[in-house]
Amino acid sequence: QVQLVESGGGLVRPGGSLSLSCAASGRTFSSYAIGWFRQTPGKERAREDREFVAAISYSGDSTYYANTVKGRFTISRDDAKSTAYLHMNNLKPEDTAVYYCAATRGSTSRFAADYGPWGQGTQVTVSS
């Protein structure tokens, strides 16, 4: 199975933009749907309780977004680079969280329990 590594997190002011990357090892990346989830710092939650952000099908033809980010975030993938992306615009303080990418060989899903493997996460902080 693939191994995932997120990058691109950081500190950004409200209204700013940030792009996250999810780099995968292995040559089977194109057979996985990819999801982005987030977890608010300081709150202990099971992996299955992570908040859904966005997902893209293995073909890239279908994308799904949480209502809280629709119109502000864009998920994409580049199978030649074995990398998925989350482009975030008009960021708000409530977007502050650790962002995780995850892969699934099953159908594209909004549920964290349907995904595995997971990356280690990257911190996004939105603050003035």
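Predicted, not measured: the structure shown is a model, and the values here were computed from it.
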Given 3.5 Å as the limit, does a donor-acceptor pair link the side chain of [X] with the main chain of [Y], or not?
X    : Y    : answer
R105 : A33  : no
T125 : T96  : no
E6   : C101 : yes
S21  : A23  : no

Under a plain distance cut-off of 3.5 Å, with no hydrogens placed, do S57 and S59 share a side-chain donor-acceptor pair?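 Their side chains do contain a donor-acceptor pair, which is all the 3.5 Å distance test asks for.
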
Report the C-alpha separation of V98 and R50 in whole Å, then their side-chain angles, then the decisive distance to 0.1 Å, and conclude whether the side chain to side chain contact (heavy atoms under 4.5 Å, CB included) test is met. CA-CA 10 Å; V98 178; R50 290 173 178 171; over 6 Å; no

Do you reckon [X] sits in the same ILVMFWY cluster as [Y], going by side-chain contacts under 4.5 Å, direct or chained?
X    : Y    : value
Y65  : V124 : yes
W118 : Y85  : no
L4   : L20  : yes
V12  : F73  : yes

Identify the heavy atoms of [X] and [Y] that sit nearest to each other, and give their distance.
X   : Y    : answer
W36 : C22  : CZ2-CB, 3.6 Å
A97 : Q123 : O-NE2, 3.4 Å
S30 : D79  : CB-OD2, 3.5 Å
I34 : I75  : O-CD1, 3.9 Å
A55 : T108 : CB-CG2, 3.5 Å
G10 : L18  : N-CD2, 3.8 Å

Around atom CD of Q120, are there more than 12 heavy atoms of other residues, nucleotides or ligands at under 6.0 Å?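 Yes, because the 6.0 Å sphere around CD of Q120 holds more than 12 heavy atoms from other groups.
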
For Y58, does the OH atom have more than 12 heavy-atom neighbours from other residues, nucleotides or ligands under 6.0 Å away?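 No, not enclosed.
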
Just to verify, what does Y115 make a ring pair (Phe, Tyr, Trp, His ring centres under 6.0 Å) with, not counting sequence neighbours?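 In terms of ring pair (Phe, Tyr, Trp, His ring centres under 6.0 Å), with neighbours along the sequence ignored, Y115 is linked to F37.
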
Honestly, is R77 close enough over F29, meaning NZ or CZ under 6.0 Å from the six-membered ring centre and within 45° of the axis?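 So R77 does make the cation-pi contact.
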
Apply the side chain to side chain contact (heavy atoms under 4.5 Å, CB included) test between V69 and each candidate in K92, M88, R38; give the one that qualifies.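 Checked K92, M88, R38 against V69; only one passes side chain to side chain contact (heavy atoms under 4.5 Å, CB included): R38.
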
Can you list the steps and then say if T68 with E51 is a side chain to side chain contact (heavy atoms under 4.5 Å, CB included)? CA-CA 11 Å; T68 52; E51 179 188 4; 3.9 Å; yes

Stepwise side chain to side chain contact (heavy atoms under 4.5 Å, CB included) check, L11 with S127: CA-CA 7 Å; L11 173 64; S127 175; 4.2 Å; yes

Is there a side chain to side chain contact (heavy atoms under 4.5 Å, CB included) between Y32 and I56? Walk through the geometry before answering. CA-CA 9 Å; Y32 287 86; I56 187 167; over 6 Å; no

